[in-house]
Amino acid sequence: MDNQRLAYGFVGRILIAASLLVVACATAMAQSGSAPQISPRAVTLAGTVSVRELSASAVNRQTPQMRQDPEPIEAPLRDVQISPPSKEMFEKLPLATEPNAGVARHIPFWQIDGFTGITLGSEAAVGGNGSLPTQGLAVHDDIVAEIVNFSLQFFKTDGTPLTNPIRNTAFFLAEGFILVAPQVFFDPKSKRWYFLDNISPPGAPPGAFTGGIRLAVSQTADPLGTYFIYHVRVNSDDLPGCGGEDCWPGYPHGGYDTSAFFISTRLSTCFPGCLVANAVYVLSKSQLEAGLNMGDVARFILDGDAFVQPSVPAPHEPFEPANGGTEYLMRASSSGHVGVIAISNTREMNRAPGSLRLLSVDVSTEPYEKAVVPSAQPDIVGPTCASHGVTSAPSLDARFSEFQATIQKADGNLYGVLPFASKDGNGFARDVLAWFILRPTLTRTRSLTANIVKQGYVVPPDGYSLIYPAIAVNRAGKGLIGFTVSNPDANAPAGFPSAALIEFAGFPRGNIIITGQGATSYDQLAACLSPGPGGVAPWGDYGAATIDAATGFPYLGNEYIPDPAVFPRTANGNWGTFITQVAPAR
């Protein structure tokens, strides 16, 4: 495959490796606390739905079958480079291998398992037409909830389907709308499931979006039971850039603390650009879980164009009690900087939402490019692209050099990982990973600081790309980073787009393990029709990672290309999702 094509959007810069273990202080003073705008009656109860009834309905009828998956391929991708603490300037990656001395004790895994989750074929059974498999994943007590752009489904952790595929528009009571950015969470404290997505009407002109955000909250701990379905109006018609109408809420992401549920979103007048502002909405968890129409919603507007990601606590990690309850969020502010945001006084969300305060601070980090490049896959043209006269396989779109998946909070620290553009030792343009552990501190006088605990890179061997990373850690900070891996060589392990992971034990270590081996190249209608040789294939917007609080097992959700002989492709494409389960050693 022509490497010049892979340089599309590439911004190559030298990397100056920062110390991994040195505690780095924030480089900017925290802002004075800002108060929210209060939006009355912005959240309304749209109705209730039963998962069991939706699964059994005629429009969703499909006989559940055991997934006929081969055993996950635990083929190691060796010679992974993980950056060391150093002040030396490097002209290019890969960096030297990180020494093991003086770092957290290695805890090996004793079993890796997994299964194919939602595929384009199963989604087509409920009317899916090739929508991107942006993944949401939550697991509790051996039940897996997976949601992608068009459908959701529940499984046992051995892969046995508990429901048929369910259309998202039916689940969210949003028939006739478009839903494109789903997530799902299980809160082990309140024992409730939360599903989140944005909605917009098809063909809505810029500046005239009449959609919003849908939020589903289970009435009990039963994931197959009844849900309250809420409509969240973004109330952005007061912002100058929105032209007197509510802007479109793109890429909504959720998080929660003991009292509130947080939704961050990018308010725009067109997709995917035309950004007006980033916003964070704060909702009362007690009212949501009681099925009440919301009295008041707190809205914060943030500067900058970086995605804002709320945090979710690791299992058994206590909610932050300081300053009346505090939620922490993160964003990739710019190359070499990460932002930390604190929203405090959240326990007053019911009584005095106007008393909440937001502070933010930027932290100097190791350098990373605020850019990504399309990732290579083997140049094997599938039938969809071939039918449109395309003669080269598309590259995979890595989308954004941002924290794409949920930020994890464990032992008082924040964990995040993002992809960024680099070159390998042969000058091949590809995406690698940067990871960060930060320690936020909010004083009683509401002064916010954030220190770097550790940071580093994950760099695969030459030729490989890593995209859509997501991290899940337990309270001790040990877990996994999951991602999609690919290579232009069809004969290389994980050359075809595959699901993979690397262990995280205070830092990434060991080899990359392929859990869902791709069977062929990605072949998707939108990629075939995009400009350029072979096009750049949409590859969702993010992966997912979580830990089952009941068992302590980490789970990953990543896109890959399943075997078409087992999971038939459709006329529009051949993507699939792979759910990886890893049982830690006792």
Side-chain angles (χ1 to χ4, degrees), residues 82 100 103-114 135-145 157 183-191 193-194 221 254-258 309-321 327-330 403 405-417 433 435-440 453-456 458 469-483 499-510 512-513 515 543-558 579-586:
I82 304 173
N100 295 332
V103 197
R105 181 173 64 90
H106 173 55
I107 298 181
F109 298 123
W110 63 266
Q111 181 178 344
I112 298 177
D113 207 347
Q135 278 186 279
L137 181 72
V139 184
H140 181 65
D141 201 16
D142 292 327
I143 294 180
V144 176
T157 51
Q183 282 192 308
V184 56
F185 307 92
F186 179 79
D187 178 359
K189 182 179 179 181
S190 64
K191 300 189 184 306
W193 300 78
Y194 283 81
Y256 56 85
D257 72 356
T258 188
Q309 291 286 359
S311 63
V312 170
H316 313 298
E317 170 80 0
F319 294 118
E320 180 60 56
E327 166 75 356
Y328 290 108
L329 309 89
M330 281 176 58
F403 295 118
T406 305
I407 298 299
Q408 298 281 297
K409 181 174 179 289
D411 196 27
N413 297 324
L414 302 175
Y415 294 73
V417 60
L433 306 182
W435 58 271
F436 307 90
I437 307 176
L438 282 81
R439 182 84 175 186
V453 179
K454 296 179 184 178
Q455 59 184 337
V458 179
I471 186 170
V473 295
N474 61 21
R475 189 177 177 185
K478 296 180 175 65
L480 307 169
I481 299 175
F483 40 81
L501 63 82
I502 191 167
E503 181 185 358
F504 193 92
F507 66 93
R509 64 169 301 142
I512 291 174
I513 302 297
T515 61
T546 190
I547 290 183
D548 184 347
T551 64
F553 293 1
Y555 290 80
L556 305 170
N558 299 102
I579 310 300
T580 301
Q581 176 200 69
V582 178
R586 298 296 184 181

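Note that the structure is predicted; figures quoted are calculated from it, not measured.
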Looking only at atom types and distance, does a side-chain atom of [X] sit under 3.5 Å from a main-chain N or O of [Y], one as donor and one as acceptor?
X: Trp193; Y: Ala221; answer: yes
X: Gln135; Y: Asn558; answer: yes
X: Glu503; Y: Gly510; answer: no
X: Asp548; Y: Asp141; answer: yes

Atom [atom1] of [X] and atom [atom2] of [Y]: how far apart are they, to the nearest 0.5 Å?
X: Ile112; Y: Gln581; atom1: CD1; atom2: CD; result: 10.5 Å
X: Thr580; Y: Ile513; atom1: OG1; atom2: CD1; result: 11.0 Å
X: Ile502; Y: Phe507; atom1: CD1; atom2: CZ; result: 9.5 Å
X: Lys191; Y: His140; atom1: NZ; atom2: NE2; result: 5.0 Å
X: Thr157; Y: Ile579; atom1: OG1; atom2: CD1; result: 11.5 Å

Over all atoms of both residues, closest heavy-atom pair of [X] and [Y]:
X: Gly255; Y: Val312; value: CA-CG2, 4.0 Å
X: Thr546; Y: Ala472; value: N-CB, 3.6 Å
X: Lys409; Y: Tyr328; value: CE-CD1, 4.3 Å
X: Ala145; Y: Val184; value: O-CG1, 3.8 Å
X: Leu414; Y: Met330; value: CB-SD, 3.5 Å
X: Asn474; Y: Ile547; value: N-CD1, 3.3 Å

Would you indicate whether the side-chain heavy atoms of [Y] and [X] approach each other to under 4.5 Å?
X: Ile437; Y: Phe504; answer: yes
X: Pro554; Y: Lys478; answer: no
X: Leu433; Y: Trp435; answer: no
X: Phe186; Y: Ile143; answer: no
X: Asp257; Y: Glu320; answer: no
X: Pro315; Y: Arg475; answer: no

For the residue pair Tyr256 and Tyr194, categorise the inter-ring angle as parallel (less than 30°), tilted (30 to 60°) or perpendicular (more than 60°).
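Judged by the thresholds at 30° and 60°, the geometry between Tyr256 and Tyr194 is parallel.
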